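Take a look at the structure set out below.
Naming convention: chains lettered A, B, ... in sequence-line order (proteins, then strands); numbering from 1 in each chain. Keep in mind that this is a model prediction, so the values were computed, not measured.
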Number of protein chains: 2
Amino acid sequence: MTDETGNNDGLCCPPDCCDMRGFLTFQILWELGKEALTGQQIAEKIAERRGTKPTPGTIYPALGNLREEGYIKGDQDGREIFYRLTESGEEARSESARYFYQAFRDIIEECRVLVVQDGECNRC
Amino acid sequence: MTDETGNNDGLCCPPDCCDMRGFLTFQILWELGKEALTGQQIAEKIAERRGTKPTPGTIYPALGNLREEGYIKGDQDGREIFYRLTESGEEARSESARYFYQAFRDIIEECRVLVVQDGECNRC
DNA sequence: CCCAATATATTGGGCATCCAATATTTATAA
DNA sequence: TTATAAATATTGGATGCCCAATATATTGGG
């Protein structure tokens, strides 16, 4: 579903107007809470939401930090490494998800209303 | 509703497990889309969601950048400056809000389910 | 008037997140 | 076998977010 540049067809890219970085580590924990994934698979999952696929220089250091902190473990299979949450990773996912919900629930709900009015965001 | 440390009673502070920074500029645009606010009022609005109040070194440079880029204008009233969105600021708010919705709508919805199961986040 | 509180503002440091570029190893295809 | 592609990894540079500390100007109370 991604084109030759790694961007996701039919989705919007981050706007020029303001910075939309952040919550990468949280998003990794979130995806790994559903199933074990490789670094590339995680990047593709993120691309499905953000419209742009994180580059290796973004995704692998983040995975390395999560591993060092004991939140994830990797099972190597050939050239691939399938990452899964540890027990403390599960706890971290729950904590950060509940915080994220507190911080952005209202905003997202109001964004939904705006999308109904103005339509979805412009394509890449 | 904030205590002597500037934190918000009854809300959760950012978790230790992973970084929860980001989207400050978007959140400022979002709040100013509803009404004109001073820097302090914006910081308090953000504290109502994040549990922690941004310090002057965080909020004022962000406002300065938004002003330089022409997204907001300030009307001084004594020692206070009431900021409001410009026309391009309204457009930036809509664009970034629709992008934010695309990027996080599913995650927030699933977080809601998690909150119902595990309860809300732990207090500050 | 004088002092404390408030609002704005700046500086310096730390850190996560981004990218482009490069490299290494493994798997696949020719 | 050999060449290509894929997955992981690292480096360097840029930028936004975040705080603590400090400073200035204005407001309000005693």
Side-chain angles (χ1 to χ4, degrees), chain A residues 2 4-7 13-29 36-47 49-69 71-72 74-83 92 96 103, chain B residues 2 4-7 13-29 36-47 49-69 71-72 74-83 96 99 103:
Chain A
T2 54
E4 64 286 344
T5 68
N7 293 334
C13 286
D16 297 328
C17 58
C18 59
D19 193 89
M20 285 288 171
R21 291 179 300 175
F23 298 101
L24 176 68
T25 298
F26 165 61
Q27 203 161 351
I28 293 174
L29 289 178
L37 295 168
T38 68
Q40 278 304 312
Q41 289 172 330
I42 292 169
E44 284 159 14
K45 292 277 186 186
I46 290 172
R49 307 189 187 286
R50 301 199 183 187
T52 57
K53 184 178 173 180
T55 57
T58 298
I59 202 77
Y60 291 114
L63 287 169
N65 291 336
L66 281 169
R67 173 193 261 166
E68 280 177 13
E69 291 156 2
Y71 294 131
I72 65 176
D75 304 305
Q76 188 128 19
D77 178 23
R79 66 183 161 186
E80 293 179 321
I81 301 177
F82 284 86
Y83 287 102
S96 51
Chain B
T2 54
E4 65 284 345
T5 69
N7 292 335
C13 285
D16 297 328
C17 58
C18 60
D19 193 89
M20 286 290 171
R21 291 177 299 176
F23 298 102
L24 175 68
T25 298
F26 164 61
Q27 203 161 350
I28 293 174
L29 287 178
L37 295 167
T38 69
Q40 279 304 310
Q41 288 172 329
I42 291 169
E44 284 158 16
K45 292 276 186 187
I46 290 173
R49 306 189 188 284
R50 301 200 185 186
T52 55
K53 183 177 173 181
T55 57
T58 298
I59 204 76
Y60 291 113
L63 287 169
N65 291 336
L66 281 168
R67 172 193 261 165
E68 279 177 13
E69 291 155 4
Y71 294 131
I72 64 175
D75 304 305
Q76 187 129 20
D77 178 21
R79 66 183 162 188
E80 293 178 321
I81 302 176
F82 283 86
Y83 286 101
S96 51
Y99 177 77

Tell me the interatomic distance from A:D77, atom CG, to C:dT26, atom P, rounded to whole angstroms. 13 Å
Can you confirm whether B:L63 sits close enough to B:I42 that some side-chain heavy atom of one is under 4.5 Å from a side-chain heavy atom of the other? yes
Can you tell me which nucleotide in D:dC19, D:dC18, D:dA9 comes closest to the side chain of A:P56? D:dA9
Between C1' on C:dC15 and CD on A:E68, what's the gap in Å once rounded to a whole number? 15 Å
Take atom OH of B:Y60 and atom C1' of D:dA20, then tell me their distance rounded to the nearest Å. 16 Å
Relative to the 5' end of DNA chain C, which residue comes earlier, A:G78 or A:N65, by the nucleotide with the nearest heavy atom? A:N65
The side chain of A:R67 lies closest to which of these nucleotides: D:dC19, C:dT17, D:dA9? D:dA9
Any donor-acceptor pair, under 3.5 Å, between the side chain of A:R21 and the base of D:dC17, if you only look at N and O atoms? no
Is there side-chain contact between B:I28 and B:I59, with at least one heavy-atom pair below 4.5 Å? yes
Side chain A:Q27, main chain A:L29, donor-acceptor under 3.5 Å: no
Rounded distance in Å - CD (A:Q40) to C1' (C:dA27): 14 Å
Between B:P61 and A:P61, which has a closest nucleotide on DNA chain C that is more 5'? B:P61
Looking for any heavy atom pair under 4.0 Å, which part of the strands does A:G57 touch: base, sugar-phosphate only, or nothing? base
Need one value for B:F82: base, sugar-phosphate or nothing, where a base atom within 4.0 Å counts as base even if backbone is also close, heavy atoms only. nothing
Spacing of B:L66 atom CG relative to D:dC17 atom C1', expressed in whole Å: 13 Å
Using Watson-Crick or G-U wobble geometry with both distances under 3.5 Å, which nucleotide pairs with C:dC18? D:dG13
Tell me which nucleotide among C:dA9, C:dA7, D:dC19 gets nearest to the side chain of B:E80. C:dA7
Min side-chain heavy-atom separation B:I81-B:R67 under 4.5 Å: yes
A side-chain contact here means heavy atoms from C-beta on lying under 4.5 Å apart; do B:R21 and B:R50 qualify? no
Across the strands shown, which category fits A:I81 at heavy-atom distances under 4.0 angstrom: base, sugar-phosphate, nothing? sugar-phosphate
Side-chain N,O (A:T25) to OP1/OP2 (C:dT17) below 4.0 Å: yes
To the nearest Å, give me how far apart CG (A:L24) and C1' (D:dC17) are. 15 Å
Rounded to whole Å, please give me the gap between CD1 in B:I59 and C1' in D:dG16. 13 Å
D:dG16, C:dT10, D:dT8: which one has an atom nearest the side-chain heavy atoms of A:D19? D:dG16
Round to a whole Å and report the spacing from CD1 of A:I42 to C1' of C:dC18. 17 Å
So, do B:T25 and B:E69 sit near enough that their side-chain heavy atoms are less than 4.5 Å apart? no
Out of C:dT28, C:dA16, C:dA9, which nucleotide sits closest to the side chain of A:R79? C:dT28
Can you see if the side chain of B:T58 gets near the phosphate of D:dC17 - specifically, an N or O under 4.0 Å from OP1 or OP2? no
